[in-house]
Amino acid sequence: MHLAISLDEVVEMIPDGARVMLSGFMGVGTPDGIVRALAASGKKDLTMIVNDAARPHCGVGPLVKAGCVKKFIGSHIGVNPDVQEQMRAGVLEVELVPQGTLVERIRAGGMGLGGVLTPTGLGTLIAEGKPTVEVEGKTYLLETPLRADFALIAARSCDYVGNLTYMLTATNFNPIMALAADVVIAEPEEIVPVGVIPPDSVKTPGVLVDHVIKRAA
Amino acid sequence: MHLAISLDEVVEMIPDGARVMLSGFMGVGTPDGIVRALAASGKKDLTMIVNDAARPHCGVGPLVKAGCVKKFIGSHIGVNPDVQEQMRAGVLEVELVPQGTLVERIRAGGMGLGGVLTPTGLGTLIAEGKPTVEVEGKTYLLETPLRADFALIAARSCDYVGNLTYMLTATNFNPIMALAADVVIAEPEEIVPVGVIPPDSVKTPGVLVDHVIKRAA
Amino acid sequence: MKDLIDFTTMDPKEIIARRVAMEIQPKSLVNLGIGIPTLVSDHLDEGMGVFFQAENGAVGMGHRPPEGMTDRHLTDAGGSFVSAVPGASTIDSAFSFGLIRGGHLDLTVLGGLQVDAQGHLANWMIPGQFVPGMGGAMDLVTGAKKVIVAMIHSAKGKSKIVQTCDLPLTSQRRVNLIVTEMAVMEPRDDGLYLLETGPGISVDEVVAATDATLVIDGDIPEMDLSRSV
Amino acid sequence: MKDLIDFTTMDPKEIIARRVAMEIQPKSLVNLGIGIPTLVSDHLDEGMGVFFQAENGAVGMGHRPPEGMTDRHLTDAGGSFVSAVPGASTIDSAFSFGLIRGGHLDLTVLGGLQVDAQGHLANWMIPGQFVPGMGGAMDLVTGAKKVIVAMIHSAKGKSKIVQTCDLPLTSQRRVNLIVTEMAVMEPRDDGLYLLETGPGISVDEVVAATDATLVIDGDIPEMDLSRSV
């Protein structure tokens, strides 16, 4: 059985300067309760690994707005003016990674693979300074695995073993990030008794999940 | 809508000498109807990519027994005496691949990645003649992607869009092999109307499936 | 009744969307980018069995549902509400990009900042000005079987079709077709071919509006937008 | 009542399984190989919350169900029927080996053909005689947080604990513990340490039955199999 913890305990657990994966796609499938609690707590110098910068009010947006983020690693920042502004002001470092490369690097980090060999990015700015590997006559970019201290993910249902399900396009990066961090914290929409989620419906086995957020009293 | 075809049509479609992925784990999750039909047809010189040689009566067993297989690429052959015997007699070539490497090579072939960087096999016979790649101070074996002309897979449910579900440990290699062949043929236990399988329950989207085996009349 | 439509007064974006729709094959898997590409699906017959895919894991997206019937768990890659067509499925991001990178996607339609005579697309940053990021575009252009760039011919009076991109490239892969409201162009080994002109547009007008050398081989027809798709 | 069991007459395989069971931590994720390792789960209290995983994608396997209640879709890595414990899940082979290779597996218990003083395991082929193949063993030994080899000390009168393996290795990784019916041994930087002897077995008997140099540091206790797990 996994320990259900409060948002206050999550805030206490994550130190300034932590390297954090945050799930979601344009804010869909992001653990919003955790994001709000962290933003309110005034964390500093976080490195956030997240698909996109979403908008100021959703996804990683509230953390950026609150000045908690030192570095952003992700694929898209086009609709978050805060990110554009902080980047130009030099207070936010942005590392852009093609989306398919980003998710595969996280998967590699979580699944014990040494990296990703992808054609994506070859011949572009993204390839600069990176090694290439030739396999059977084709050239690929070698991209390194990504891991984090914490993965903060959102789930539809969770049981007390920690088994998770996701719903529709709110799935996105959640099951992949659940593989690739030292501590995985899930914010489910509901917690159900053990045995209620059929084995074939589990998208993240509970053995990967360290903590789940308590139900509101 | 995908074309539902008969076993006879499958037999006609697959030529002698074809390179074929066959799903299943010790015969669990193998499309047995297709295997029996191919074995009965007397195919020759097939290269079979399959997790294990199972036993003579299940998995790839009937194809080996019928002398259809020229080369076996897989991870385990310990409980199929036919394979041991044909291998010793020099009529069956066996290429052993660690199971985790096998499935990841198939995934790479299906997902457009240039190969697999794995620690598995380093310092063993498996590493002989293979390049290694150093990433962030660690050494990995570079294993090449695997693809096939045909993937023959087994499903629990299928709709006429070709969406597939699998059941429990009969899942195994099925969803991965569905990615990595020019022609994917699924043998489902049941065919259900389109819309009956919820989007989150689909394990292989129909866009990956070329043909499904017709219901028996 | 189609004959009665005057395409020369049609909204330029609709001209582009309608022309791109004619390229879509029945039963294919298609990814439409944000902006003009999104409009393409309005011009398709639902009976064609086309499945629309989005980077965020939707396979089989349908139109935005009526007010009150949306769900925050079902969106497109821009975060807008969509519906699921019968036979839809939802997959995680690794699987989604496996479809894209692995050659399972029949067609992607993307907007562009620049395309050049070699067929190279630039659509993810304007150095020193605006950096939206590539999102899934680099994987889409690299991995899709066919890539169509759909965009307005010029921006702020400047041609977006150039001899060589000066903006950072999205991929080294040559796109298959470029569709604007003024022209359909195809980059080939020996140059950028003008295949069709827009409604009421002359070849000379296209040439004048284009900052790349166009190959003009024989008579160039006007887009036939009356064709049913 | 445990005191009344005479462990010196216990089946050697059960001695090994019982001793290995004492190494298993509550709530851990464990993979048990075919043969003796499979017996380990019989010696565990179900209240410990241990999840048993198999290469074929089962997470949370339970015992074989009664006759008539088996299902051909739910098996272990040997193809034998199993049940699903509450909270079980099933995953595909790529995910399964992601758990194994990615360091998510707390412990794997495997049989062996040979283990040497450096802690190297050989368990997948006897050249010229029998080639079962490695199955998932190479990934398991390379990726699991802890590896225990569980096997009978000798085969056909020959020690399976050797100075240097002459059979092909399964991994270059040093296993953590070797448990036989005669001894518990731990390979360390400076040699193969004898930690415990089997029930009724003397240190001299272990040394005589072992084809590897054992480090014997102080008094060596006998396995305490009466300890509750």
Side-chain angles (χ1 to χ4, degrees), chain B residues 23-29 51-55 58-59 72 74-80 83-84 87-88 94-104 106-108 110-111 118-127 154 156 166-177 179 189 203-204, chain D residues 34 54-61 71-84 88-103 120-125 127-143 165 167-173:
Chain B
S23 62
F25 197 114
M26 288 298 290
V28 177
N51 177 58
D52 56 75
R55 300 177 192 273
C58 69
F72 169 95
S75 73
H76 197 268
I77 55 174
V79 290
N80 189 328
V83 169
Q84 298 284 332
M87 182 173 61
R88 273 193 296 266
V94 171
E95 184 179 327
L96 287 169
V97 183
Q99 200 168 125
T101 301
L102 181 67
V103 69
E104 205 62 27
I106 296 169
R107 182 180 182 275
M111 289 195 164
T118 180
T120 303
L122 278 177
T124 76
L125 276 186
I126 291 303
R156 175 76 184 96
Y166 309 103
M167 192 169 165
L168 301 170
T169 55
T171 308
N172 59 69
F173 278 70
N174 281 288
I176 314 301
M177 288 181 169
L179 290 158
E189 293 177 25
K203 295 283 170 85
T204 295
Chain D
I34 305 297
E55 296 93 306
N56 62 342
V59 180
M61 284 192 302
D71 186 288
R72 66 195 170 87
H73 305 88
L74 187 56
T75 51
D76 64 17
S80 298
F81 297 122
V82 294
S83 56
S89 54
T90 39
I91 55 182
D92 68 40
S93 291
F95 199 158
S96 181
F97 279 87
L99 288 185
I100 291 168
R101 207 195 304 99
H120 290 144
L121 170 66
N123 75 346
W124 65 283
M125 75 177 294
Q129 286 186 53
F130 181 57
V131 184
M134 70 294 285
M138 284 192 172
D139 295 283
L140 284 162
V141 177
T142 304
C165 287
L167 296 179
L169 297 187
T170 302
S171 176
Q172 63 186 4
R173 180 247 183 92

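In what follows, chains are A, B, ... by sequence order, proteins preceding strands, each numbered from 1.
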Can D/S93 and B/N172 be counted as having a side-chain donor-acceptor contact under 3.5 angstrom?
no

Less than 3.5 Å apart, any donor N or O on the side chain of D/H73 or B/E189 sitting next to an acceptor on the other?
yes

Need one label for [X]: side chain, backbone, both or neither, based on atoms under 4.5 Å from any heavy atom in chain D.
X	result
B/V97	backbone
B/P119	both
B/I106	neither

Which of the residues [options] is involved in the greatest number of heavy-atom pairs with chain B at under 4.5 angstrom?
options	value
D/L169, D/T75, D/L74	D/T75
D/A94, D/A122, D/P168	D/A94
D/A77, D/G57, D/A58	D/A77
D/G79, D/G135, D/G133	D/G135

Once rounded to the nearest 0.5 Å, what's the spacing between atom [atom1] of [X] and atom [atom2] of [Y]?
X	Y	atom1	atom2	value
D/S89	B/L168	OG	CG	10.5 Å
D/E55	B/S75	CD	OG	9.0 Å
D/F95	B/R107	CZ	CZ	11.5 Å
B/F173	D/S96	CZ	OG	9.0 Å
D/N56	B/T169	CG	OG1	5.0 Å
D/D92	B/I176	CG	CD1	4.0 Å

Between [options], the one whose heavy-atom pairs under 4.5 Å with chain D are most numerous:
options	result
B/A170, B/G27, B/G121	B/A170
B/Q84, B/R55, B/R156	B/Q84
B/T171, B/L96, B/V79	B/L96

Output yes when a side-chain donor or acceptor of D/R101 lies under 3.5 Å from a complementary backbone atom of B/T118, and no otherwise.
no

[X] side chain near [Y] side chain, heavy-atom distance below 4.5 Å:
X	Y	value
B/L125	D/W124	yes
D/V131	B/M87	yes
B/T124	D/M134	no
D/D139	B/T101	yes

Apply side chain to side chain contact (heavy atoms under 4.5 Å, CB included) to residues B/I126 and D/M138 and explain how you reach the verdict.
CA-CA 10 Å; B/I126 291 303; D/M138 284 192 172; 3.5 Å; yes

Quick check on [X] against chain B: is it the side chain, the backbone, both or neither that has a heavy atom closer than 4.5 Å?
X	answer
D/I100	neither
D/A54	neither
D/T170	backbone

Just do the side chain to side chain contact (heavy atoms under 4.5 Å, CB included) check on D/F97 and B/E104 with the steps written out, would you?
CA-CA 9 Å; D/F97 279 87; B/E104 205 62 27; over 6 Å; no

